[in-house]
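Below is one structure, written out as structure tokens; comments come after it.
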Protein chains: 2
Amino acid sequence: MEAFNMVTRKEVADLAGVSEATVSRVFNGLGPMKPATKERVLQAAKQLDYHPNAIAQSFARRRSGNLGVVLPYMPKVHLFSTYYFSEILSGIGEQVREQGYDMLLTLLTPDESQDYSRLYRSQKVDACVILGSRDTPEQRSSLQQLQEQRLPFCLVNQHFEGMTLSEVDADHVQGSCMAVRHLQEAGCRKIAFLNGSPQYSNSRDRLVGYTDAMRDAGLDMPSQLLLEGNYSRKSGYEAAAKLWERRDEVEAVFAANDRMAIGLMQGLRERGWTAGRDFAVVGCDDSDAAKLSDPPLSSVSVPFYEMGKEAARRVLAQVLGESSGEPFHIKLPTRLVVRESSIRKEN
Amino acid sequence: MEAFNMVTRKEVADLAGVSEATVSRVFNGLGPMKPATKERVLQAAKQLDYHPNAIAQSFARRRSGNLGVVLPYMPKVHLFSTYYFSEILSGIGEQVREQGYDMLLTLLTPDESQDYSRLYRSQKVDACVILGSRDTPEQRSSLQQLQEQRLPFCLVNQHFEGMTLSEVDADHVQGSCMAVRHLQEAGCRKIAFLNGSPQYSNSRDRLVGYTDAMRDAGLDMPSQLLLEGNYSRKSGYEAAAKLWERRDEVEAVFAANDRMAIGLMQGLRERGWTAGRDFAVVGCDDSDAAKLSDPPLSSVSVPFYEMGKEAARRVLAQVLGESSGEPFHIKLPTRLVVRESSIRKEN
DNA sequence: TTGTACGCGTTATCAT
DNA sequence: ATGATAACGCGTACAA
């Protein structure tokens, strides 16, 4: 079973005619050493096909070399099945590899959602990046705990008002504002907003962006034009029914993500309204689906990949003592990608 | 920095008035023991908030408790941005949690793509699930090496002819056959096939399925109707141009994945041909995109989630000695999901 | 049923 | 510039 090499430092030391400590120093690049000695050790190691045992290293260093990635519990929905998580994960993956770290994935179950510190206690990770957390009292207190225990962690794409946690976020206010301005420039004045749950700071930010843009343009925001979905295609589809009832009051829709935007387009098309012709739509995320939809969906592009990468970089810097350890708060810019869904062709 | 508890077994033993070994036995549920003793130990542990150090456990057990998940190198494409990987990962995640294992993600770089054993040598994983591998000579030899070293691993969704490796695959032959039969039943006789690279066994299997169904129905398979893309939307879009040139010879298209199918539909629509009206299309994967596309795409549903879960289950059984250790070869069934793209409405 | 004692493969400190 | 050696926290064989 364990039919492996298991060459230890001792064997290398013996073959090279040095002490074990010297072998370690060679492999860790520490202290001054005679080039000849180093060479002998490397030769011996190569000959024996020696590779340091990562577990033993972690044990001795009291550091795992793993960055924990915490994913939220999501009932029914298969977890990674969204562009959002995929991109962030890729970014984290790229960064950890550059730093010689590994990624340990953790899928939270509903009950343990509140107990992050389990991960740290078991020493399997040195730090964590937490994705998809929501703003609830339980979450706040768990995160508060982590904070008090001085455990290094970083939130991605979620902001907690009134707490000073390390976060890497995107400028959703700006993005939404751009999106709505774009719709205005396309000649729309009656612009509805299909948002997601306010438990996500993203949603709240987008509402601010929408409101800013509408107010600045002196446009009305009647409450019937403010809808709330749950970021699923289905909820967008359902929103279409509501908007259809008030079709005289709607020229355009800004949706808080692409899936809802696409569901919305599907629902309205069934009623004979086509995006890019009868009304304009802009979504958020600029996911793959935006390119795949018909018509292609204009969308606010969010740099998820970069956000993941930056979060990993910063939090690992804390672990490795290369940073002050003060909570940081990064906000990356978004940009608007215009496609056909928001260009109203005259008919 | 390391402002943590760090309560050790010794402290618990002292408080409970027992030996360290007894504490271990309690926590590992080993050997016969007086209930009272057990109780005392648990009390003490609770009082001190003791938690075993996972790294030390791994070190002593000479087992990491991690299942490695190897993801292929994919230039440019952000890695997880496909339905395929996301679903498999979710399945693996579910299984490892049930077994108390953790998932260690590894993104291969181009150069190390051939050296899987690095992972095992460092002892950071006890077994691996390998995703997205291709059938190339280099891959074959790396996998052969792993095999010879008797390192437990399992491939998902890829079969290597002539080697007896552990694999969890889907029945792509059957799925493709069903898809093509469905098109035939819808009245189509001129059915094109847009496949992906034959480096993936999936592609080869699908070709077999297509061929079987066409032959059984006594239909022609002129080589002009056999196209090859690279599983991207763009390649499907490009294939549309080729098919358009021979539009008199085509009534339907079977595509080896959804993205190509959608690209194809986009390309043909630009030329005035709409799927579900002017021609029929079936894709593969039944990804989210299939529901999002217009018209919704008929597709061969592949149980990626279950495949990931099964692969993890089997490979961990090997590690834990609950299985013979013989290479296994699982093949899960696929099913056809019919949507509007393959229902030709008369116009 | 419980305790003793050793080993695991490093890192890191202190000598030399 | 290099060697000796004490941790590190736990599993486990063996003794009692």
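Here is how names work: the chains are called A, B, and so on, in the same order as the sequence lines, proteins then strands, and each is numbered from 1.
Stacking of A/F59 onto the six-membered ring of D/dC8 is present: less than 5.5 angstrom between centres, less than 30° between planes.
Atom CD in A/Q123 sits about 13 Å away from atom C1' in D/dC10, given to the nearest Å. Between the CD1 atom of B/I55 and the C1' atom of D/dC8 there is a distance of 11 Å, given to the nearest Å. Atom CE of A/M33 is separated from atom P of D/dA1 by 9 Å (rounded to the nearest Å). Atom CD of A/E11 is separated from atom P of C/dC8 by 11 Å (rounded to the nearest Å). Distance CG (A/D14) to P (D/dG3): 11 Å, rounded to an integer number of Å. For the pair B/N53 CG and D/dA7 P, the interatomic distance rounds to 18 Å; values are reported in whole Å. Straight-line distance from the NZ atom of A/K10 to the P atom of D/dG3: 13 Å, rounded to whole Å.
By the ring-ring contact (aromatic ring centres under 6.0 Å, His included) test, B/F153 pairs with no residue at all, sequence neighbours left out.
Residue pairs meeting the salt bridge (Lys or Arg N to Asp or Glu O under 4.0 Å) criterion with at least one member in residues 19-29 of chain A, sequence neighbours excluded, are A/R9-A/E20. Sorted by first then second residue, the salt bridge (Lys or Arg N to Asp or Glu O under 4.0 Å) pairs that include residues 310-320 of chain A, not counting sequence neighbours, are A/E310-A/R313, A/E310-A/R314.
A distance of 5.0 Å separates CD of A/Q47 from CG of A/L15, quoted to the nearest 0.5 Å. Distance check, rounded to the nearest 0.5 Å: CD of A/E306 to OG of A/S90 gives 10.5 Å.
You'll find the ring centres of A/Y50 and A/F27 inside the 6.0 Å limit.
Put simply, B/T22 has a side-chain N or O that comes within less than 4.0 Å of OP1 or OP2 on C/dG3.
Counted by atom type alone, A/Q145 and A/Q149 present zero donor-acceptor pairs between their side chains at under 3.5 Å. The closest side-chain donor-acceptor pair between A/N157 and A/Y200, if any, does not fall under 3.5 angstrom.
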Reading 5' to 3' through nucleotides 11-16 of chain D, protein heavy-atom contacts under 4.0 Å coded B for base, S for sugar-phosphate only, - for none:
BB----
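Annotation: proximity of residues 34-43 of chain A to DNA chain D (heavy atom, distance under 4.0 Å) is found for A/K34, A/T37, numbered in ascending order.
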Donor-acceptor contacts under 3.5 Å from residues 130-137 of chain B side chains, at least two apart:
unit_1 : atom_1 : unit_2 : atom_2 : d
B/R134 : NH1    : B/Q199 : OE1    : 3.0
B/D135 : OD1    : B/R140 : NE     : 2.8
B/D135 : OD2    : B/R140 : NH2    : 3.1
B/D135 : OD2    : B/R204 : NH2    : 3.4
B/T136 : OG1    : B/E138 : OE1    : 3.3
B/T136 : OG1    : B/Q139 : N      : 3.1

